[in-house]
Amino acid sequence: MSSLRLISSAARRVSSFSLQKRGYAEVNDKLKLSLVLPHQSIFTSTDVVQVNIAAEGGDMGILANHVPSIEALRPGVLEVIETAGGSKKWFTSSGFATVHPNNTLTINVVEAAPLENFSAEAIRSNLQEALKVASGSGSEADKAEARIEADVYESLQHALGK
Amino acid sequence: MSMLARRTVLNRATAPLAAAPAGARNMATLREIELRLKSVRNIQKITNSMKVVASTKLAKAQRAMQAGKQYGIANAEVFAHTATDKPSTNRLFVVISSDKGLCGGIHSSVTKATRKALNNTEDSPLAATTAEAPVDAESPVMVIGDKSKAQLIRSVGGNLRLTFNQIGRDIPTFADAAGVADLIVKSGVKYDSVVLVYNKFVSAISYEPASMVVKGEEALRESNAFKAYENEDDVTKDLAEFSLANAIFATLTEGHACEQSSRRNAMDNASKNAGEMIGTLQMQYNRGRQAAITNELVDIITGASVVSIFLPSLQFVCSHPLDGWPATTMP
């Protein structure tokens, strides 16, 4: 009787072990993402499938087990594809995305907002304003600032148009 | 009658000298106690309202700290993976405090920690990392906040390079941190790593000075582990500067939350102490007042009994000198 129980318990243990192993393998296919702003943390070590970023060198998609790399971000769309709930898009300011050797991706950006929260109206009027200042008779620094502002609005317009 | 009245007046006037000095002194200090009571009550009102203000600010500061801390953790990840192969001795200390006092000992705790770090004492916040590379006592120091500046200028005045104020009045913003980082980079001070000395929020009633190390551009380049990272456009310089701003932001928010929490506690204690003081003063005042009243009553009764002794005797003095004496002495 006792040996029977032993066998059954051993069998149970084996089955639970194999389950655990499968679960562990699944986690390995995912990327740990931390997407943080100074005033808000959007993701903190959350498992996600893929992250598409707009890096200085061009747009790129990051999957699990990516090579460690450091990418400066330009203002653009950041897309996070989570497990079940489809993808979410944010428009981010510049910052840094870093893939670490331990399969984690940290993204520090100064400002980000969900793409659907932007108003096309406001972007258009602000873009006009920025372009006016950029071509106006302000100081060089002001003009350069307005140029950057206009670039951001343009890329934002582009992102919304897609 | 008039003579008797004069006698009682005389009695009262001479009382401080002979009859009841305790009661008379109370009469003199009663006014003083009242004044002190009034001022302590005012102080309690002030500390209490400061406590309420700090409590409401604390809730906001703690929320900001949560986000700021996560931001700092994500930022520090790259430094956790890039161990330096060559120990760096060229450190720049940045002390994170603020301009306002009345918040317990949090400013002096970062000051002390900085002094300890510069002296390489055993309990310095850098003790774990300075085993092979002791801190140079001449290391440059920059201070955010007037309070710690005033304390550090006495002991390590020669090390101070830059000081900042007007930061940390309200919740620190990223713009504050970026401004500080920009000035540090522009200051021309050479460093391999920046050591941020700040107050770490352990719990609502305890904070401890801690340090956060941010590597500079050169130190990152020299690290072999950093070379494992793919870095096509060579953004090391930008990364180093951005990381510095991020780390300053994270420590600023944490330091701010500590300050508000500490101020709340300090003001809470001050209000409690004022309450205790008001209790004892009130007791003293009441006792003094009671003593004065008793004294006056004694005077009045004495006076009355004297009057009742003498009035009948005056009445009967012509006919029966001894009549009525025993009856009137004990009314």
Side-chain angles (χ1 to χ4, degrees), chain A residues 31-46 48 51 53-63 65-76 78 80 90 92-113 141 145 148-149, chain B residues 60-61 63-83 170-178 181 214 217 220-221 223-254 256:
Chain A
L31 182 64
K32 277 205 187 309
L33 169 70
S34 295
L35 170 56
V36 287
L37 318 180
H39 53 87
Q40 188 194 354
S41 11
I42 300 173
F43 289 101
T44 48
S45 295
T46 315
V48 296
V51 182
I53 59 168
E56 287 281 5
D59 291 3
M60 60 186 279
I62 297 169
L63 286 164
N65 300 318
H66 193 275
V67 203
S69 56
I70 297 170
E71 297 292 338
L73 299 177
R74 62 184 159 79
L78 185 134
V80 178
W90 282 269
T92 64
S93 70
S94 56
F96 270 88
T98 317
V99 188
H100 300 283
N102 58 354
N103 196 26
T104 54
L105 167 64
T106 56
I107 303 177
N108 282 70
V109 284
V110 179
E111 194 57 81
E145 239 172 60
I148 294 168
E149 213 177 306
Chain B
K60 262 165 78 189
R63 241 175 290 138
M65 180 189 73
Q66 292 305 335
K69 225 176 173 174
Q70 288 301 331
Y71 194 72
I73 288 169
N75 178 57
E77 186 86 34
V78 68
F79 300 117
H81 289 287
T82 54
D170 213 339
I171 309 258
T173 61
F174 187 75
D176 290 337
V214 183
E217 187 193 349
L220 277 179
R221 276 187 211 283
S223 160
N224 278 325
F226 188 72
K227 283 171 193 146
Y229 284 88
E230 213 170 75
N231 188 0
E232 279 175 7
D233 309 328
D234 195 19
V235 287
T236 318
K237 186 170 186 289
D238 295 343
L239 180 74
E241 286 174 12
F242 187 61
S243 306
L244 179 59
N246 291 346
I248 290 173
F249 176 77
T251 50
L252 269 180
T253 50
E254 195 159 351
H256 183 72

Heavy-atom pair with the smallest gap, counting every atom of [X] and [Y]:
X        : Y        : result
A:Ala72  : B:Val235 : CB-CG1, 3.9 Å
B:Ala67  : A:Gln40  : CB-N, 3.4 Å
A:Pro101 : B:Tyr229 : CD-OH, 3.4 Å
B:Phe174 : A:Pro38  : CD1-CG, 3.7 Å

Nearest 0.5 angstrom please: [X] [atom1] to [Y] [atom2], how far?
X       : Y        : atom1 : atom2 : result
B:Asn75 : A:Phe96  : CG    : CZ    : 10.5 Å
A:Leu37 : B:Gln70  : CG    : CD    : 12.0 Å
B:Lys69 : A:Thr44  : NZ    : OG1   : 13.5 Å
A:Glu71 : B:Leu239 : CD    : CG    : 11.5 Å
A:Ile70 : B:Leu220 : CD1   : CG    : 7.5 Å

TODO: Pick one of side chain, backbone, both or neither for B:Asn246, based on which atoms fall under 4.5 Å of a heavy atom in chain A.
DONE: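 For B:Asn246, the contact with chain A is made by the side chain alone.
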- [ ] Side chain from CB out, backbone as N, CA, C, O: work out which of these in B:Ala74 comes under 4.5 Å of a heavy atom of chain A, or both, or neither.
- [x]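 Contact with chain A: backbone and side chain both.
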Open item on the list: For a 4.5 angstrom cut-off between non-hydrogen side-chain atoms, does A:Asn102 reach B:His81?
Closed with: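 Contact flag for A:Asn102/B:His81 side chains = yes.
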Task: Crowding at NZ, B:Lys237 (>12 non-hydrogen neighbours, <6.0 Å) - done: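 No, because the 6.0 Å sphere around NZ of B:Lys237 holds 12 heavy atoms or fewer from other groups.
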Task: Heavy-atom proximity to chain B below 4.5 Å, by part of A:Ile107 - done: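 For A:Ile107, neither part sits under 4.5 Å from chain B.
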Open item on the list: If we define contacts as heavy-atom pairs under 4.5 Å, which of B:Thr173, B:Thr236, B:Val78, B:Asn231 has the most with chain A?
Closed with: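 So the answer, after comparing B:Thr173, B:Thr236, B:Val78, B:Asn231, is B:Val78.
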Open item on the list: For chain B, which candidate among A:Thr104, A:Val67, A:Val110, A:Thr98 shows the most heavy-atom pairs at distances under 4.5 Å?
Closed with: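 The option with the most such pairs is A:Val110.
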TODO: Compute whether any side-chain donor of one residue and acceptor of the other, for A:His39 and B:Tyr71, lie under 3.5 angstrom apart.
DONE: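 No - no donor-acceptor pair under 3.5 Å links their side chains.
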